[in-house]
Amino acid sequence: MELAKAYSHKEIEGKWYRHWVASGAFAPAGGTASYFSMVIPPPNVTGSLHMGHALNNTLQDVLCRYKRMDGFCVLWVPGTDHAGIATQNVVERRLAEQGLTRTQVGRAAFIERVWAWKEEAGNAILHQLKALGISCDWRHERFTMDEGLSHAVREAFVRLWEDGLLYRAERLINWCPRCKTALADIEVVHEESDGQLWHIRYPLADDPSQALIVATTRPETMLGDTAVAVHPEDARYHKFAGKKIRLPIAGRVIPLLADSYVDKEFGTGALKITPGHDFNDFEIGERSGLDKISIFDADAKIDAGAFLARGERGEWIERYRGQDRFAARKLIVAELKEKGYLEKTEPYRNAVGHCYRCQTIVEPYLTPQWFVAIKPLAEPAMQVVREGRVRIIPEGWSNSYFAWMENIKDWCISRQIWWGHQIPAWYCKSCNAADLVEAGGGEYLIGKKAHPIVARSAPESCPKCGGKELVQDPDVLDTWFSSSLWPFSTLGWPEKTIDLKSFYPTSTLVTGFDILFFWVARMIMMGLKFMDDVPFRDVYIHALVRDEQGQKMSKSKGNVIDPLDIMNQYGTDAFRFTLAAMAAMGRDIRLAEERIAGYQNFVNKLWNAARFVQLNLADADRSHEVASRLLLGQKFNFADRWIRARLAATIAEAREAIDAYRFNDYANVLYQFTWHEFCDWYIEMSKLALNGHDAIQAAQSRKLLRDLLDQILLLLHPIMPFVTEEIWQALGESRPSIMVQRYPRFDPAWADDAIEKQMEFLIGVVRAIRNLRSEMNCPPGKQVKAIFRGSEQELALLRAQEPYLRSLARVGSAEYSSGDDRPEGVATAVVGTTEISLPLGDLVNLEEERARLTKEIRKFEEEFARVQKKLTNSDFIGKAKEEVVQKEREKAGQYEEKIRTLNLSLARIEESRAERS
Ligand SMILES: [Zn+2]
Ligand SMILES: [Zn+2]
């Protein structure tokens, strides 16, 4: 098969991907080998491919393809996450378009609709990932709510319960009044915003003429105040010790407490305490046994029922009944002002928590929820990182991990939504009559005192009273609960499967830092808990993909680059190469389209090199080939020996880089070798042998060219799977896929330091001659004479490799001299100990050159003067930073040097002119 003139990714990528899948190339193979396994960070079913996924999956695929070729039995498990709130929101929006809400539809029918949506649209992201060429074993594809994983979730929940690590309790949690669900602490996004600080008079109960002034950013919550607190050492308030306060508007009498949590410097040093709506106040309330009043309902509207139930009375309850929290704020401030309770208002900046899904301001809210007692799980999870049983790479992230784990709070895992794993807990209706409230649609609200029966499947009857009427807990589990089990649930846990035995612990997890706590830490905790072993040995944390200016990509900024567009335009290999080449450890990627276009050129360069090789193979005289076969390997010429040495070194460097997750070094080493050493130098040098009269030498070079190309394809395959397979197949008649070939190994017999040094010298000489020619404006095709003067050793090398000087530097004739006689009227350069002289008359028209040099010298003299002026200006020297001054000094030095060499050239020209005339 002849390679086409130009590489066309569009025809090739789909073809090979289908071929790989159909031939089972992604499945684990070589069962006796060492195992290498990974689980994909499951994208949300609602997701569509963005740069983060593209980077994450490219790096994983590079590792998997490399390990597979290197003889490992590789399993890479793909799948998706059901993404509780996100998915429910998508389907709710679709219902809203039809004028429906989920409560109108009912729980069972709503869940059916979510499944239907998932079947129809939920796998879009997987198809997009396939376009990236990723080599997951699709027969292992899992979904966090498929039957097996749901089974694992129930099992894990029950075991945690049995081990006393789960509890249900009324706690203050972060509540999103729009999503109407609890949120974990890390699902709350804090943003600074401009608010106000209201100073309010709280009069003493027994003497309204005296009052404390409290300052608050949330005056509406005062309806739920159950105390005022001051610092015990705050002398301003000692006179009020033991006094009571009458809460404005509500009229409730509340105590004045001393608590050292209070900051004397904040406001007036007196703090209103609202345990039902503030986390710190909740803690103070717990310490002092205060009432906790929830003044809002689930919509964050004033819940009049709560006050009435407490036996509170007054027309204020009616006035605020059903008011939204922000409307209530305005009304309360107005009432306080009218009644003379408002002392003053001042602007105030503070951090406000928002729901990570819908950006609604989060309300601390008192509800019964399920919690995982996390401390007993966190301790061993820190231990394994400390001991290096889990390596976090780059290592700096370990500190964040420890900091977070040390301050970890119990994990609220219940969510008040419908889409997810419904909690496997049931309540007996007759035993919990007072705590079960029918909420319509067969749903119940479960009070805080209800006793759950936790079981793997719905119990037949109540173990206490034998009652048959049982109600399942309506809450579902936090999405991250099921994904925390992902590394073992996807391998068949809790069954003892062969997969689990072979592939757990997994080898490496590749992920972004944003889910280090959401996901990575929890997988470590759960893996240790249920598998008694770490879930992965290495965690490689990659950086963010930003735009060219280093800004985060976002829809609102309009700087989002769509990976699918890029792949379509530049080809997937070029895109993958860009991501790998820019994935420097711990550094964000600034993605510029120019870079991608640059690597598309690289793909084309490789393609053209392959075409050159193919063309030469086709030209080969077969009879010579056969005759010379016996001698092959005996006659490696200089260039052959050099490129073999370079290949050996490149293989060693590439392996070292990828083994250390230095993806950028891996890509760059291969880029350098392929483009600059193989294409720029070796191919050019090989033409001498290929076109020469020595048939054996020619056959030798042909064979080596082809071997080298094969090695390059193998080395590049993990990053550029498509183009490498296409060339691989075109060059070998029906050979097996490149995917199943062995990855190149370092061959010490090929390493050759001496020849590398010699070639370095030769390259230096060629470059020096090329530079002199271009400095002198010598036409590219023109043959020139070269005179070399230097050590015996260097001259011997040049003499031996003179044919390369002729072909690479257009040296028409060469003279070698070890004497002191210096030729006149020449341009010179020094490489090593060798002085290279090119007679000027050969190179250029002397008149024109004189004019050009004079002009150049003038230009640099002006530049030099400009910098000198700066450097003698004491103002500049005094004010500028040391680096800036240093830079200017360097510039001055460079200009001086330029002027010096240009003057030398000019002098040479003058001499030549003098000689001629
Ligand atoms: Zn929300
Ligand atoms: Zn019962």
Side-chain angles (χ1 to χ4, degrees), residues 44 46-47 81-96 101-103 110 114 161 168 172-191 193 277 279 296-301 324-326 351-367 369 412-420 424-438 444-455 457-480 514 518 555-556:
N44 288 350
T46 49
D81 191 287
H82 66 281
I85 297 179
T87 309
Q88 174 153 331
N89 282 351
V90 168
V91 178
E92 278 191 87
R93 272 202 299 277
R94 282 161 64 108
L95 280 179
T101 65
R102 70 169 152 129
T103 34
F110 179 79
V114 182
W161 173 259
R168 186 171 184 273
L172 204 58
I173 44 90
N174 297 293
W175 180 263
C176 174
R178 209 232 45 104
C179 299
K180 289 208 191 56
T181 181
L183 299 171
D185 289 345
I186 46 178
E187 290 169 330
V188 177
V189 183
H190 291 275
E191 278 167 23
S193 72
H277 292 285
F279 289 100
F296 297 127
D297 60 16
D299 292 305
K301 290 181 176 156
D324 170 80
R325 52 189 165 157
F326 302 111
V352 177
H354 294 74
C355 169
Y356 83 125
R357 291 297 337 165
C358 75
Q359 283 75 52
T360 300
I361 293 180
V362 163
E363 185 63 46
Y365 193 50
L366 211 53
T367 51
Q369 302 285 348
C412 174
I413 52 167
S414 43
R415 297 289 181 274
Q416 289 65 49
I417 58 174
W418 286 348
W419 176 241
W426 287 261
Y427 303 88
C428 170
K429 265 183 152 178
S430 41
C431 292
N432 298 294
D435 275 291
L436 296 188
V437 182
E438 239 187 304
Y444 284 83
L445 293 176
I446 317 288
K448 61 180 168 183
K449 293 200 184 89
H451 289 285
I453 308 161
V454 172
S457 56
E460 296 269 308
S461 58
C462 168
K464 221 191 268 170
C465 73
K468 301 265 186 223
E469 280 198 276
L470 301 169
V471 172
Q472 190 174 358
D473 197 304
D475 291 357
V476 301
L477 289 168
D478 180 2
T479 292
W480 298 99
D514 50 336
F518 274 105
K555 275 188 193 139
S556 56

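One is the number of the first residue; the rest follow in order along the sequence. Read the numbers this way: they start at 1 and go in the same order the structure lists the ligands and their atoms.
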Legend entry - Under 3.5 Å donor-acceptor, Asn432 side chain and His451 backbone: yes

Legend entry - N/O donor-acceptor pair under 3.5 Å between Asn44 side chain and Thr46 backbone: no

Legend entry - Opening angle at the Zn ion (ligand 2) [SG, Cys465; SG, Cys431; to 10 degrees]: 110°

Inset, instruction - Can you tell me, to 10 degrees, how wide the angle at the Zn ion (ligand 2) is between SG on Cys428 and SG on Cys462? - result: 110°

Inset, instruction - Look at the rings of Trp175 and Tyr365 and say which category their plane angle falls in: under 30° parallel, 30 to 60° tilted, over 60° perpendicular. - result: tilted

Legend entry - SG (Cys179) to the Zn ion (ligand 1) to SG (Cys176) angle, given to the nearest 10 degrees: 110°

Legend entry - Under 3.5 Å donor-acceptor, Thr87 side chain and His82 backbone: yes

